[in-house]
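FYI, the numbering just counts along the sequence from 1.
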Amino acid sequence: MSRERFDEADVVIVGAGPAGLSAAVRLRQRGVDRVMVLDREPQAGGIPRHCGHYPYGVREFGRLMKGPAYAARNVAEARSAGVEIITGATVTVLGEGPELAISTADGVFSIRPARVLLCTGVRETSRAQRLIGGSKPAGVISTGALQGLVYLQSLKPFRQPVVLGTELVSFSALMTCRHLGIRPVAMIEPNATITARAPAAFFPRLLRIPLMLGTRIEQICGRDRVEAVVVRRPDGEMRTIETDGVIVSGQFRPESALLRGSHLRIDRRTGGPEVDQYGRCSDPDYFAAGNMLHPVETAGWCWREGRAVADAIADSLQGNILMPASALRLADAAGPLKYVVPQRIVPGTKTAPLDRLQVRLARPARGRLVLKAADGKTTVLARVDSRPERRITVPLGKLAEVGPGDARIVIEEDG
């Protein structure tokens, strides 16, 4: 790889998943000359490359597709539009200017584009982050790792695992297991109800997989490989389940290690960058889109958001968006709120890509979603009756009357 490839670019996109690739295509359609997409993986396409099941692509391309076909279509669309995609390239520094440091097999390079779009996506919370005790045998993997082994390498990492979690991705893990004849012995959820929508609970029952609600994995047992897990049932009873693997699914976090050493402001709740409704970070030369903003949304949502933020980038290159001196800044979410995106609202009437406030809960809650401004004014935004990981959205127009300064979003719970 020659240094000349990194000499110049109008926009550099970090991450070649649905958000990054759709944004790249849209930027080319808007007349941006040189658009470069960088990805550390050997192949572009993002997480859908590993997902050998439906449904993908209906809203984007008008057809029902499996993940690998959807990923390949996104890559093909970008290359057809004249986007330069460079894989095996890891961005190591986000500098002011903007300036990026890039590490490849051929050395370390730097590039100074006019704008940078961050689309590095998410990762699942690990066993260590969930504080699960016991020994450390082989056979404990995330859903993403499972999908890579099964769909990309046709490997069967275990025969009778347990699945920890009941988010949508957890049910995706069940479908991945079916692909190679893997038969999970249990699906374990610490909460009293499943996280995904209620109909999803019929899927493990259809497959005759016990769904154990209100149950926690206390220990993973085994010397070289997983042999069993010790779980705590809702009544406190400890039970041992023989198994040869653990699929640790969900509880997504932004892939934001790159942000931690940068000058960009990080939102404490999401773990991703703080942005305004145009997807702009605290440095307005940097933008962000996709699941690093709101862990976790569907590929289709991220694809559409990437396109929308690309329009804002194109507008900014033409001088049509200016960072105003004042903005409404939403303070950290509190109580049952897990996070709020965007965290900064700049005044103006221009259509914005993040045109709705997106809210997620940390626990079930019922009540009123309220914005409390610095001047003491209270605005009721919506009624809430929801569980964790459910999408709650509020049109930004409801915040139009709130002036600049800091404000808090809270839930005033019933009862």
Side-chain angles (χ1 to χ4, degrees), residues 1-24 27 34-50 71-72 74-75 78-79 83-126 129 141-142 144-145 147-149 152-153 252-266 270-273 279 281 283 285-293 295-296 299 302 306 309 313:
M1 184 180 297
S2 66
R3 182 172 297 275
E4 287 73 20
R5 292 192 70 181
F6 294 106
D7 276 351
E8 62 180 65
D10 295 306
V11 179
V12 169
I13 299 172
V14 185
L21 293 173
S22 68
L27 286 165
R34 189 178 178 197
V35 179
M36 179 184 294
V37 179
L38 305 175
D39 200 287
R40 67 186 181 187
E41 295 293 324
Q43 280 185 274
I47 289 176
R49 281 196 312 119
H50 306 166
N74 280 325
V75 173
R79 286 187 170 137
V83 174
E84 183 172 12
I85 301 174
I86 302 177
T87 56
T90 301
V91 177
T92 58
V93 177
L94 303 176
E96 296 183 58
E99 183 173 7
L100 307 181
I102 303 160
S103 176
T104 75
D106 297 318
V108 178
F109 305 89
S110 64
I111 187 170
R112 296 179 63 91
R115 299 288 186 273
V116 176
L117 173 60
L118 304 174
C119 299
T120 52
V122 290
R123 54 184 170 81
E124 292 168 281
T125 300
S126 68
Q129 291 167 323
I141 62 176
S142 67
Q147 291 170 332
L149 291 171
L152 300 183
Q153 301 180 51
F252 287 93
R253 299 183 178 199
E255 188 59 77
S256 58
L258 187 57
L259 294 175
R260 296 188 196 117
S262 77
H263 63 296
L264 301 178
R265 188 178 295 139
I266 299 175
T270 64
C281 301
D283 178 340
D285 289 331
Y286 283 85
F287 289 70
N291 273 330
M292 73 180 309
L293 296 182
V296 61
C302 295
V309 172
I313 294 172

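One finds the CD1 atom of Ile141 at 13.5 Å from the OG atom of Ser126 (value rounded to the nearest 0.5 Å). One distance of note links OG1 of Thr90 with CD1 of Ile102; it measures 10.0 Å at 0.5 Å rounding. We find the CZ-CD1 distance between Arg79 and Ile85 to be 4.5 Å, quoted to the nearest 0.5 Å. Put simply, CZ on Arg40 and OG1 on Thr104 are 15.5 Å apart, with the number rounded to the nearest 0.5 Å. In this structure, CZ in Arg253 is found 4.0 Å from CD in Gln129, a value given to the nearest 0.5 Å. Expressed to the nearest 0.5 Å, how far CG of Leu293 lies from OG of Ser256 amounts to 11.0 Å.
Looking at Asp10, its side chain does come within 3.5 Å of a backbone N or O of Arg34 through a donor-acceptor pair. A donor-acceptor pair under 3.5 Å is absent between the side-chain atoms of Tyr286 and the main chain of Glu96, judged by distance alone.
Pairing each heavy atom of Ser103 with each of Thr92, the nearest pair is CB-CG2, 4.0 Å. Residue Pro18 comes nearest to Pro48 through the heavy atom pair CG-CG, 3.9 Å, listed as atom of the first residue, atom of the second, then distance. Of all the heavy atoms in Leu259 and Gly272, the pair that sits closest is CD1-C, 3.9 Å. Closest of all the heavy-atom pairs between Pro273 and Cys281 is CB-SG, 3.9 Å. Residues Ala23 and Leu117 come closest through the heavy atom pair CB-CD2, 3.4 Å. Residues Ala9 and Ile111 share a closest heavy-atom pair of CB-CD1, 3.9 Å.
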Point to revise | Worked verdict on Leu152 versus His50 for side chain to side chain contact (heavy atoms under 4.5 Å, CB included) | key: CA-CA 7 Å; Leu152 300 183; His50 306 166; 3.2 Å; yes
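Paired with Arg115 under the rule side-chain contact (heavy atoms from CB on, under 4.5 Å), one option of Val12, Ile313, Val35 passes, and it is Ile313. Among the candidates Leu27, Leu38, Leu118, Val116, the single residue satisfying the side-chain contact (heavy atoms from CB on, under 4.5 Å) test with Ile13 is Leu27.
By the side-chain contact (heavy atoms from CB on, under 4.5 Å) test, Val296 pairs with Val122, Phe252, Asn291, sequence neighbours left out. Residues satisfying the side chain to side chain donor-acceptor pair (under 3.5 Å) criterion with Thr120, sequence neighbours excluded, are absent altogether.
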